[in-house]
Structure formats: C-alpha cells, structure tokens
Amino acid sequence: MNIDLKILDPRMAGLLPAYATPGSAGLDLRACLDGPLRLEPNACELVPTGIAIHLKDPGHAALILPRSGLGHRHGLVLGNLVGLIDSDYQGQLMVSAWNRGTGAYTLQPLERLAQLVIVPVVQASFRVVDEFPPSSRGAGGYGSTGTR
Ligand SMILES: O=c1ccn([C@H]2C[C@H](O)[C@@H](COP(=O)(O)OP(=O)(O)OP(=O)(O)O)O2)c(=O)[nH]1
Ligand SMILES: [Mg+2]
C-alpha cells in the first residue's frame with residue numbers, strides 16, 4: 001500500500017519511516033525535537049514527528065503504539081495509551097510521550113520513540129433492534145467463562 005507523506009521537518013528527509021525487517025508490522029516514529037527533552041516521572045509531552053500522512057481510504061487507519069523496549073525498560077509509553085490516526089487526518093503525526101516510570105527519561109532529537117501500524121478498518125452503520133437472536137454467550141462477560 002502506498003501512502004502520501006509530507007516531510008514537515010527537513011531532517012526527516014533521510015529518515016522516513018521504514019520497516020526494520022521484512023516481517024515488521026510497525027514503522028518507527030522519531031522525536032522531531034530541537035534539543036533533548038527531559039521527561040520527569042509522570043510527565044507527558046506532545047512530541048512532533050516531523051511528518052504527516054494522509055491515508056485517504058476510510059478502510060484504513062493507523063495506530064501509534066509504544067516501542068516495547070522503551071515502554072518496558074524506561075516506562076516511556078503513550079499518554080493516550082494508543083494513538084488513532086484517522087484516514088482523513090492530514091496534520092503532523094504527534095506522539096503523546098508519557099513517562100510512567102520512576103526515573104527521568106531524556107528523549108534525544110530524532111530518537112525513535114514510538115511506532116506506527118497501518119490497520120484495516122470496517123466502518124459500521126447501525127440497525128436498531130428490540131431483540132438479538134440467541135447466542136452461546138448471551139450477555140455473559142467479565143470472567144463468565146472462568147479462568148481454567
Ligand atoms: O496519538 C495521536 C492521536 C491522534 N493524532 C491525530 C490524528 C487523529 O486523526 C487526530 C484526532 O485524534 P482523536 O480522534 O483520537 O482525538 P480527539 O480528541 O477525538 O480529537 P478530534 O475531535 O479532532 O477527533 O489527531 C495524532 O497525531 N497522534
Ligand atoms: Mg476524534
């Protein structure tokens with residue numbers, strides 16, 4: 001799939017998102033910062049990525065997810081937990097960087113801080129009904145099937 005991409009910061013010209021391996025699902029996003037950004041424990045800052053994408057097709061969306069290493073080792077995750085990029089969004093991709101850890105973390109300019117995953121989307125419409133046809137689960141949830 002080809003996606004229109006705008007380079008908003010010239011430093012990104014040689015650093016476009018790319019799949020690290022043939023089987024990668026995520027494209028790393030970089031912190032387009034002018035200088036280091038120190039995130040104290042529990043601090044949350046909106047970090048620009050220097051790029052914009054336009055997915056166009058409502059049958060696609062993009063998700064911004066944490067990088068596993070940064071999230072697990074340093075507590076650097078996302079202030080919105082997951083970022084959802086609509087197919088008609090044309091603005092700069094922004095990453096809400098949240099330090100949920102116990103030590104400060106300093107983001108360096110152009111550091112890869114999160115990842116983007118392109119996903120298929122089904123847009124639904126709703127038909128209002130009074131009853132659903134019976135199903136095996138019915139309304140059971142929240143552990144209703146047990147733990148073993
Ligand atoms: O981590 C994120 C999340 C969102 N966005 C952009 C793309 C998305 O299409 C737009 C709106 O996001 P969302 O719908 O999640 O936010 P909202 O608070 O509902 O804002 P809006 O009223 O603009 O829909 O913001 C980002 O750049 N990064
Ligand atoms: Mg919204």
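Both ligands and their constituent atoms are indexed starting at 1 by order of listing.
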When you check ligand 1 against the protein, what N or O pairs turn up below 3.5 Å? List the atom names and distances, or just say none.
from	atom 1	to	atom 2	distance (Å)
ligand 1	1 (O)	Asn80	ND2	3.0
ligand 1	1 (O)	Met94	O	3.4
ligand 1	9 (O)	Asp86	N	3.0
ligand 1	9 (O)	Asp86	OD2	2.6
ligand 1	27 (O)	Met94	N	3.1
ligand 1	28 (N)	Met94	O	2.8

- Item | Within residues 85-102 or reaching into it, pairs that qualify as side-chain hydrogen bond (donor to acceptor under 3.5 Å, both in side chains) - sequence neighbours excluded | Asn42-Trp98, His54-Gln90
Measure the shortest side-chain to side-chain distance between [X] and [Y] over non-hydrogen atoms and say whether it is less than 4.5 angstrom.
X     : Y      : value
Ile3  : His60  : no
Leu33 : Gln108 : no
Thr49 : Leu8   : no
Val47 : Leu29  : no
Leu5  : Pro17  : yes

